[in-house]
Amino acid sequence: MYELKIEDFNLDQIMGSGQCFRWKDAGNGRISITAYGKYMEAVQKGDVFVFSCGEDEFKNVWAEYFDMGTDYGRIKETADSSDTYLQEAIRFGSGIRILRQELWEMLVSFIISQNNNIPRIRKNIEAICEKYGEEIIGRGIDGQIRRAYAFPEPKILAAAKTAGLEGLGLGYRDKYIEAVSLWWMEQGFSDSRQAAGWLLEEGYEGAVSKLLQIKGIGRKVADCVCLFGLHCVEAFPMDTHMKKIEREHYRSGFPLEKYNGCAGIMQQYLFYYDLAGESGALESAAARE
DNA sequence: ACCCAGGCCATCT
DNA sequence: AGATGGCCTGGG
């Protein structure tokens, strides 16, 4: 157990922001998180957090994962004060951060996300982990043992091939997952960190063009992989929500030039705000105030 | 029943 | 270059 106060951090908001698909509401205010081959539970009360892991593990694994080295308060201050819609979005999702997740998992996850909805994306990923992931023994906030499944390594999915992925509800995306697994093996990456370094050799745009070579990855998925798997916060994934937001609030396009180097973070606030608007969460949040 | 979801690919003009 | 149709599946 490790307790800590953290600013600009909200578990529910991050879980609902569509950047991670393996966070779960575990009941009684607990959020379970599976990443980097580990399982953890977290509880939030205001800006105070209790984590089920020990201090060492938190500092070695989770602090970086939660992007604790970045001051989101300062980033939020750079938002145009006359942009009322963005200001509302930031206020609504003020605890959103861009997690530093594993590249390999992001690659597969955002391939699955295409032409798909979030509940089904979660279900698909869980099915892959249950079938091919190694079992993880973790500990809950109550100190009890919990079992979970890690996200399977590239070589496992490469060996599984399309045939092994059938029946998991992936639809036509199964062959794209096979393609990206084989691509990864051909590149001979030792791990996600090394692969990320290679992709970023020519910067963000270089990473995009390399990712676009992979079958099943188009511009939108490439930008999501850059933003969430490479932490290129200048990447600005243009999805159906952002197109709608631009139609309704930024008729000449979102002013990317104002956010040189961090437009992707603004995108997350806007995306989450729009998603919440659809689900009716906005009205209930307003009612609480 | 129906529509569509954080698109991509192939196949046209 | 830009526009269209098809695609697996299951939530709402």
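The structure displayed is predicted, hence computed values, not measured ones.
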Same cluster or not: are A:Y204 and A:I214 linked, directly or through other Ile, Leu, Val, Met, Phe, Trp or Tyr residues, by side-chain heavy atoms under 4.5 angstrom apart?
-> no

Rounding to a whole Å, what distance do you find between A:F271:CZ and B:dG7:C1'?
-> 13 Å

Distance, rounded to the nearest Å, where A:F110 contributes CZ and B:dC8 contributes P | 12 Å

Map every base of DNA chain B to its dot-bracket character, where paired means a Watson-Crick or G-U wobble contact with both distances under 3.5 Å and | marks a partner outside the strand.
-> .||||.|||||||

Distance, P atom - from B:dT11 to C:dC8, rounded to whole angstrom = 14 Å

Sugar-phosphate, base or nothing in reach of A:I121, heavy atoms under 4.0 Å | nothing

Taking atom P of B:dC8 as reference, at what distance in whole Å does atom CG of A:D174 sit?
-> 17 Å

Please work out if A:I214 contacts a base, only the sugar-phosphate, or nothing of the nucleic acid, heavy-atom cut-off 4.0 Å.
-> sugar-phosphate

Every protein N/O within reach of nucleotides 10-13 of chain B N/O, cut-off under 3.5 Å:
{"residue": "B:dA10", "atom": "OP1", "partner": "A:K215", "partner atom": "NZ", "Å": "2.9"}

Rounded to whole angstroms, how far apart are CG on A:D239 and C1' on B:dC4?
-> 15 Å

Looking across every strand, which nucleic acid part, if any, lies under 4.0 Å from A:E166 by heavy atom: base, sugar-phosphate, or nothing?
-> nothing

Any luck finding a side-chain donor-acceptor pair between A:Y273 and A:E88 under 3.5 Å?
-> yes

Least distance between heavy atoms, A:L227 atom then A:V233 atom | CD1-CA, 3.7 Å

Reading nucleotides 5-12 of chain C from 5' to 3' and marking B where a protein heavy atom lies under 4.0 Å of the base, S where only the sugar-phosphate is that close, and - otherwise, the string is --BBBBS-

Touch class at under 4.0 angstrom, heavy-atom based, for A:F228 against every strand present | base

A:Q213 CD - B:dC9 P separation (whole Å) = 11 Å

Does the side chain of A:Y72 pick up a donor-acceptor pair with the side chain of A:D67 at under 3.5 Å?
-> yes

Okay, side chain of A:Q267, backbone of A:F236: is any donor-acceptor separation there less than 3.5 Å?
-> no

Rounded to the nearest Å, what distance is computed from the CG atom of residue A:D223 to the C1' atom of nucleotide B:dG7?
-> 13 Å

Side-chain touch A:K210/A:E201, heavy atoms, less than 4.5 angstrom = yes

Got A:W62 and A:M40 here, is their nearest side-chain heavy-atom distance under 4.5 Å?
-> yes

Under a 4.5 Å side-chain heavy-atom rule over Ile, Leu, Val, Met, Phe, Trp and Tyr, are A:M68 and A:I33 clustered together?
-> yes

A:R122 CZ to B:dA5 P, in whole Å, measures 18 Å

Do A:Y250 and A:D83 meet the criterion of a side-chain donor-acceptor pair at a distance under 3.5 Å?
-> yes

Does a donor on one side chain and an acceptor on the other come within less than 3.5 Å for A:S32 and A:E41?
-> no

Contact class for A:S109 (heavy atom, under 4.0 Å): base, sugar-phosphate, or nothing?
-> nothing

Quiz item: cation-pi between A:R97 and A:F9, 6.0 Å / 45° | yes

Can you check whether A:I14's main-chain N or O pairs, donor with acceptor, with A:Q19's side chain at less than 3.5 Å?
-> no

N or O in side chain of A:T240 less than 4.0 angstrom from B:dC4 OP1/OP2 | no

When rounded to whole Å, the CZ to P distance for the pair A:R219 and C:dA1 reads 16 Å

